[in-house]
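In what follows, a structure is listed as structure tokens, so that the remarks can point back to it.
Worth knowing before you read on, the calculation uses all heavy atoms, side chains too, and leaves out hydrogens, waters and symmetry mates. The structure displayed is predicted, hence computed values, not measured ones. Both counts, for ligands and for their atoms, begin at 1 and track the order of listing.
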Amino acid sequence: MTAVTEKIEKVKLFINGELRESQSDVWMENCNPATNEVLGLVPFCTEKEVDVAVQTAHKAYKNWRETPPSQRARVFFKLQALIRDHMDDLALCLCREQGKTLSDAKGDVMRGLEVVEYATGIPSLIMGEMVENVSKQIDTYSVQQPLGVCVGITPFNFPAMIPMWMFPIAIAAGNTFVLKPSEQTPMTAMMLVDLMKQAGLPDGVLNVVHGGPDVVNGLCDHPLVKAVSFVGSVGTGHHVFDRATKSGKRCQALLGAKNHAVIMPDANKEKTLRAIAGAAFGASGQRCMALSVAIFVGEANEWIDELVKIARELKVGPGEEDLDLGPLISPQAKERVVNFIQSAIDDGAQCRLDGRGEPGNFVAPTILSDVRANMTAYQEEIFGPVLLIMKAKSLKEAIELINANEYGNGTAIFTESGQTARYFQHHVDVGQVGVNIPIPVPLPFFSFTGWRGSIRGDHNAYGKHAVRFYTQTKTITSRWLGQEGPSSGINTTIQMESL
Ligand code: NAD
């Protein structure tokens with residue numbers, strides 16, 4: 001928190017289609033993680049500002065709900081073109097406030113853009129169903145209707161993709177939206193809402209507030225909010241889920257992870273080791289789908305020295321230089337990661353590659369072997385460029401280890417055997433499985449399907465299933481009056497009476 005100074009740019013709220021300066025007296029510095037230079041000040045909104053944002057969205061809902069789906073879809077056709085036109089600016093903004101390399105920053109925007117493209121198909125996605133003659137002259141049909149005001153609370157690590165997991169589908173489906181981006185990375189979200197305005201979104205349909213726990217609690221408690229989507233850490237996610245559902249809201253909370261890869265001795269050694277290094281250390285390990293544990297089975301254990309060699313060659317530096325890894329998000333994040341590395345060493349792990357010696361918020365790739373399941377560093381999400389190595393005698397033993405872990409976000413197997421891959425995907429208790437793919441995140445015509453400790457609520461997160469999260473099904477059962485025979489059926493000339 002800091003006193004407001006006039007010289008540094010203040011991040012604005014976006015309410016009713018306009019940028020507004022917060023009246024809050026609590027502001028936080030947003031820093032470039034590569035330099036710790038202050039980029040701007042983000043407000044912790046007042047209770048009144050949260051209420052105004054929700055009331056504005058509620059007011060806009062009345063008209064937006066009645067706007068034909070094909071017209072709503074047109075906003076997203078325009079938005080996808082605008083995002084492509086502004087890709088470089090978005091990536092640079094993201095790289096400066098989050099620390100990702102420019103290539104990773106573009107990837108972040110691209111993965112969000114895919115959801116925007118999916119949202120353009122909303123008329124087909126929200127189609128209802130019908131069964132004729134459920135009884136004599138009685139038909140039942142269902143329609144998908146929007147909910148009202150929906151809220152998105154997002155983490156720092158994907159400042160473009162995760163807001164776009166939420167607002168495009170929610171809004172295309174006829175809802176209005178209040179976004180609360182991470183207070184650590186609010187600027188990319190502000191660029192996105194500006195593009196939404198340029199795309200022709202009516203005022204009040206999308207609004208943005210900023211802040212921390214008080215703002216989140218205010219949104220979870222607000223009686224006009226109907227649904228809350230949360231992505232972030234485990235403790236916060238449980239809090240948000242409990243708080244939102246207590247007041248009767250729909251809630252989905254996507255949480256932390258500990259993703260394991262199994263390396264079989266028949267895998268393609270060179271490709272596997274490079275894939276593992278990219279998945280473990282890319283984005284400095286600050287991905288919920290980052291690979292954090294590699295289980296080498298049998299003779300594959302002889303490859304560990306080569307993995308260390310590949311990881312040692314990865315280059316660390318400011319995101320704008322577009323090397324292999326950028327910094328961690330903050331000095332606190334670095335301290336946390338460094339403490340986990342030390343705790344693993346204290347618990348008996350062997351440090352094969354130590355990345356702690358870097359300046360500022362940087363940590364270079366770190367590899368710890370001889371890790372056991374009872375170590376704190378194994379049980380907790382580290383969220384840094386740290387790979388834990390474990391050994392297993394057999395595939396079965398590796399699967400047992402993965403299934404005993406609290407989390408179930410993603411996992412992968414490296415093997416040339418179809419039979420082994422089939423056995424793994426069938427028996428592993430994890431929602432997203434890669435076969436020779438280290439980070440198996442599906443495109444939005446599927447859904448993000450983390451399991452167990454990595455999710456709270458139903459599996460409706462982004463993409464296909466999110467359409468169901470952001471709509472409610474209404475079924476209508478009708479007796480149709482009129483003559484039996486060819487002229488009976490559903491058309492506007494037939495009188496209808498409900499049962
Ligand atoms: P975080 O939980 O600290 O913050 C997430 C959001 O919650 C932010 O908007 C923040 O302002 C808010 N918040 C923080 N503390 C709060 C509190 N006490 N009460 C109410 N709201 C609060 O998470 P983060 O550090 O920004 O993000 C990293 C985490 O997100 C990691 O655990 C990562 O695994 C997880 N994540 C999960 C997925 C997934 O799909 N499962 C995707 C990306 C990130």
Side-chain angles (χ1 to χ4, degrees), residues 11 26 28 30 33 42-45 50 97-100 108 111-112 115 151-166 178-186 188-189 208-221 228-244 251-259 283-292 328-330 332-334 336-337 340 380-384 406-410 430-432 439-442 444 447-457 459-463 465-466:
V11 180
V26 185
M28 191 184 97
N30 278 124
V42 65
F44 279 45
C45 281
V50 172
E97 72 169 349
Q98 204 277 349
K100 278 184 193 189
D108 190 327
R111 297 305 316 246
V115 184
V151 159
I153 299 158
T154 58
F156 78 84
N157 67 328
F158 280 92
M161 177 184 83
I162 294 180
M164 286 194 275
W165 275 3
M166 300 174 180
V178 179
L179 175 68
K180 205 299 286 173
S182 168
E183 66 278 30
Q184 297 186 93
T185 54
T188 311
V208 182
V209 293
H210 300 288
D214 290 346
V215 171
V216 170
N217 290 343
L219 292 167
C220 289
D221 295 346
V228 176
S229 294
F230 171 89
V231 178
S233 58
V234 173
T236 313
H238 284 292
H239 165 75
V240 167
F241 187 88
D242 291 341
R243 190 136 182 166
C251 185
Q252 55 175 352
L254 275 74
L255 313 173
K258 198 83 179 173
N259 305 309
S284 292
Q286 296 179 121
R287 293 193 275 224
C288 70
M289 289 293 279
L291 182 63
S292 31
L328 294 175
I329 185 70
S330 63
Q332 295 78 7
K334 175 170 179 176
R336 193 173 166 274
V337 169
F340 272 125
E380 306 267 331
E381 183 183 41
I382 299 179
F383 228 53
E406 180 188 343
Y407 298 105
N409 221 29
V430 174
Q432 299 171 105
I439 302 190
V441 178
S447 281
F448 193 93
T449 53
W451 283 6
R452 297 192 281 132
S454 295
I455 192 159
R456 215 38 219 286
H459 292 234
N460 288 307
Y462 107 115
H465 294 164

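For ligand 1, the atoms closer than 4.0 angstrom to any heavy atom of Ser182 are 9 (O). Interface of Leu254 with ligand 1, defined as ligand atoms under 4.0 Å from a residue heavy atom, comprises 39 (C), 40 (O), 41 (N). Of all the atoms in ligand 1, the ones that sit under 4.0 Å from a non-hydrogen atom of Ile153 are 6 (C), 7 (O), 9 (O). If you number the atoms of ligand 1 from 1 as listed, the ones under 4.0 Å from a heavy atom of Trp165 come out as 40 (O). Every atom of ligand 1 with a heavy atom of Asn157 under 4.0 Å away is listed here by number and element: 43 (C), 44 (C). For ligand 1, the atoms closer than 4.0 angstrom to any heavy atom of Val216 are 20 (C), 21 (N). For ligand 1, the atoms sitting less than 4.0 Å from at least one non-hydrogen atom of Phe448 are 40 (O), numbered in the order shown with element in parentheses. Of all atoms in ligand 1, listed by their number and element, those nearer than 4.0 Å to a heavy atom of Gly211 are 11 (O).
In this structure, Asn157 and Ile162 have side chains that are in contact, with non-hydrogen atoms separated by less than 4.5 Å. Within the 4.5 Å cutoff, no side-chain heavy atoms of Leu328 are placed close to those of Pro33. Side-chain contact check for Val50 versus Asp214: every heavy-atom pair is 4.5 Å or farther apart. Contact of the Pro440 side chain with the Met289 side chain is registered, since non-hydrogen atoms from C-beta on lie closer than 4.5 Å. Using a 4.5 Å heavy-atom threshold, the side chains of Leu219 and Val209 count as touching.
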Intermediate values then yes/no, side-chain contact (heavy atoms from CB on, under 4.5 Å), Trp165 and Thr154
CA-CA 10 Å; Trp165 275 3; Thr154 58; over 6 Å; no
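Here the side chain of Glu381 pairs no donor or acceptor atom with the backbone of Lys258 at under 3.5 angstrom. No donor-acceptor pair closer than 3.5 Å links the side chain of Gln286 to the backbone N or O of Phe383. Panel note: side chain Ser447, backbone Thr449; no donor-acceptor pair is recorded below 3.5 Å. With hydrogens and angles ignored, the 3.5 Å screen pairs no side-chain donor or acceptor of Gln252 with any backbone N or O of Ser229. Looking only at distances, no side-chain donor or acceptor of Asn259 sits under 3.5 Å from a matching main-chain atom of Ser292.
Heavy atoms of Ile455 come nearer than 4.0 angstrom to ligand 1 in no pair at all.
If you check each of Pro213, Ala290, Pro155, Ser454 against atom 18 (N) of ligand 1, the one with the closest non-hydrogen atom is Pro213. Of the listed options His210, Lys180, Glu381, Glu381 places a heavy atom closest to atom 32 (O) of ligand 1. Considering Thr185, Thr236, Leu179 only, the shortest heavy-atom separation from atom 16 (C) of ligand 1 involves Thr236.
Closest to atom 10 (C) of ligand 1 among all protein heavy atoms lies Glu183 OE1, 3.4 Å. When only non-hydrogen protein atoms are considered, atom 3 (O) of ligand 1 lies nearest to Ser233 OG, 3.9 Å. Protein heavy atom closest to atom 36 (N) of ligand 1, with residue, atom name and distance, is Cys288 CB, 3.6 Å. Looking only at protein heavy atoms, the nearest one to atom 37 (C) of ligand 1 is Leu255 O, 3.0 Å. Protein heavy atom closest to atom 8 (C) of ligand 1, with residue, atom name and distance, is Thr154 O, 3.3 Å. In this structure, atom 35 (C) of ligand 1 lies nearest to the protein heavy atom Gly232 O, 3.2 Å. For atom 28 (C) of ligand 1, the nearest protein heavy atom (residue, atom name, distance) is Phe383 CE2, 3.6 Å. Looking only at protein heavy atoms, the nearest one to atom 7 (O) of ligand 1 is Phe230 CE1, 3.4 Å.
In the model, Glu97 has a side-chain atom that pairs as donor or acceptor with a side-chain atom of Thr188 under 3.5 Å.
Contacts of Met289 with ligand 1, taken as heavy-atom pairs under 4.0 Å, are absent altogether.
Remark: Lys180 fails to qualify as a cation-pi partner of Phe230 under the 6.0 Å distance and 45° angle criteria applied to the six-membered ring.
Taking only nitrogen or oxygen atoms, main chain and side chain alike, Phe156 reaches within less than 3.5 Å of ligand 1. The distance criterion of under 3.5 Å between nitrogen or oxygen atoms is not met by Asn217 with respect to ligand 1.
Applying the side chain to side chain donor-acceptor pair (under 3.5 Å) criterion to Arg456, with sequence neighbours excluded, gives His238, Asp242.
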